[in-house]
Amino acid sequence: MSGQPSTVSELPEWPRYGDEERTGLIRALEQGQWWRMGGSEVDSFEREFGDYHGSPHALAVTNGTHALEVALEVLGVGPGTEVIVPAFTFISSSLAAQRLGAVAVPVDVDLDTYCLDPAAVEAAITPRTKVIMPVHMAGQFADMDALDKLAADAGVALLQDAAHAHGAQWRGRRAGALGSVAAFSFQNGKLMTAGEGGAVVFPDEELRERAFLVHSCGRPRTDRDYLHGTTGSNYRMGEFAAAVLRAQLTRLDEQIALREQRWPLLSSLLAEIPGVVPQTIDPRTDRNPHYMAMFRIPGIGIERRRAVVDALIARGVPAFVAFRAIYRCEGFWMADAPDESAEAIAARCPNTEQIHSDCVWLHHRTLLGTEQQMHEIAAVLADVLAG
Ligand SMILES: Cc1ncc(COP(=O)(O)O)c(C=O)c1O
């Protein structure tokens with residue numbers, strides 16, 4: 001960090017909005033019915049979002065964590081069952097399973113893509129395994145070919161945690177067209193957002209109908225007699241969120257196209273910096289929305305990484321330390337966890353151990369910046385690391 005410190009010129013803000021969101025909010029307001037049972041925004045959003053992802057069977061819910069919970073519940077997860085989750089993920093992947101009384105079993109991820117390692121999954125399957133939950137990290141699909149086969153051979157379900165994968169494509173197909181359930185988040189930082197929100201896209205209407213009951217206190221849409229034929233909770237999205245999300249969906253293609261242009265440039269510039277290794281993109285993910293620009297600095301260690309992230313932020317780069325390994329979070333151990341110590345899990349998750357201590361991510365709004373800003377970001381990182 002010698003001489004005049006370099007900085008990055010002001011990057012685009014997030015979230016973004018315009019007249020489409022304004023019009024949508026007024027439209028929802030003036031309907032006079034602000035919940036989904038009376039209005040039409042949530043219904044319309046479900047149709048549009050589902051179609052966009054290759055399945056007409058979408059259900060909008062309160063947030064991405066609840067999307068996973070509802071999906072797991074209809075897939076039969078509960079006490080006595082196990083759900084295989086990546087050890088390197090946001091904690092909701094495991095929390096959702098644990099909230100249903102299941103054991104969340106963390107397994108290792110690939111060192112290059114940061115997604116579930118199929119060999120580690122295979123080793124973790126037991127007679128209690130009900131669901132395998134790949135996370136499409138930063139928009140990069142987990143190896144869906146290998147995981148589909150593993151799941152089919154073991155007779156268990158796949159649930160895609162697609163919280164980062166709006167519009168992503170695996171060999172030409174989007175998450176809803178891959179034959180398994182996919183859960184999305186619309187939290188403030190996500191690729192499309194209403195501040196909070198979530199959706200589940202199902203491969204068939206029967207599962208979607210069961211999920212509808214779960215998300216609406218066990219009550220069918222037509223029920224006027226408080227029958228509550230099944231259990232559940234209130235996970236319903238409101239009309240205002242849906243109106244905003246309909247507008248956000250119309251912006252997604254253009255933003256993905258821009259990020260797909262910027263990432264190859266930024267990652268090649270980052271790769272030139274000694275000690276920096278960008279996330280590898282598996283080319284079978286032939287459309288990548290780039291929810292995060294992720295890279296590793298192998299061997300940096302947790303403390304120095306924090307200092308690097310702070311220095312990046314001070315110079316105008318929206319940087320973050322990557323997720324903590326879930327088995328290194330206290331909350332993970334407060335619910336149903338495997339009968340193993342954290343150290344034993346760490347020993348069988350060597351890649352997660354590295355990534356959780358050396359990985360940094362940049363907000364996707366960086367990839368909405370100019371080519372010049374990609375150069376500025378790389379220059380700042382080189383400068384910070386040289387310091
Ligand atoms: C991988 C992953 N799964 C699930 C979620 C949960 O989504 P939400 O915050 O909408 O509950 C998030 C992030 O927020 C996430 O990153």
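The figures that follow rest on heavy atoms only: side chains count, while hydrogens, waters and symmetry mates do not. Read the numbers this way: they start at 1 and go in the same order the structure lists the ligands and their atoms.
- Within a 6.0 Å radius of CD in Gln31, other residues, nucleotides and ligands contribute more than 12 heavy atoms.
- Residue contacts with ligand 1 for Val135 involve side-chain atoms from C-beta outward but no N, CA, C or O (heavy atoms, distance under 4.0 Å).
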Q: Evaluate salt bridge (charged side-chain N to carboxylate O under 4.0 Å, His left out) for Arg210 paired with Glu205, printing each intermediate quantity in order.
A: CA-CA 9 Å; Arg210 276 166 46 202; Glu205 189 55 22; over 6 Å; no

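- Of the protein's heavy atoms, Phe90 CD2, 3.4 Å lies nearest to atom 12 (C) of ligand 1.
- Taking a cut-off of under 4.0 Å to the non-hydrogen atoms of Ser185, the atoms of ligand 1 that pass are 7 (O), 8 (P), 10 (O).
- Counted by atom type alone, Asp282 and Thr113 present zero donor-acceptor pairs between their side chains at under 3.5 Å.
- In this structure, the side chain of Thr285 does not engage the main chain of Ile281 through any donor-acceptor pair within 3.5 Å.
- For ligand 1, the atoms sitting less than 4.0 Å from at least one non-hydrogen atom of Gly64 are 6 (C), 7 (O), 8 (P), 10 (O), 11 (O), numbered in the order shown with element in parentheses.
- Ring pair Phe212/Phe202: centre-to-centre distance not below 6.0 Å.
- The aromatic rings of Trp34 and Phe240 sit tilted, their planes meeting at an angle between 30° and 60°.
- Residue contacts with ligand 1 for His66 are absent, since no atom lies close enough (heavy atoms, distance under 4.0 Å).
- Under 4.0 Å from ligand 1, not a single heavy atom of Glu196 appears.
- Checked against a 3.5 angstrom limit, the closest N/O atoms of Thr65 and ligand 1 fall inside it.
- Ring orientation note: the planes of Phe186 and Phe45 are nearly perpendicular, at an angle over 60° on the 30°/60° scale.
- Atoms of ligand 1 lying under 4.0 Å from at least one heavy atom of Thr89, given by number and element, are 1 (C).
- Looking only at heavy atoms of the protein, atom 16 (O) of ligand 1 is closest to His164 NE2, 2.7 Å.
- Counting only heavy atoms of the protein, atom 3 (N) of ligand 1 lies nearest to Asp161 OD2, 2.7 Å.
- Aromatic ring orientation, His53 versus Phe184: tilted (interplanar angle from 30° to 60°).
- Shown in contact with Gln187 at under 4.0 Å from a heavy atom are these atoms of ligand 1, numbered in order with element: 9 (O), 10 (O).
- Residue-ligand proximity: Lys190 is placed with a non-hydrogen atom under 4.0 Å from ligand 1.
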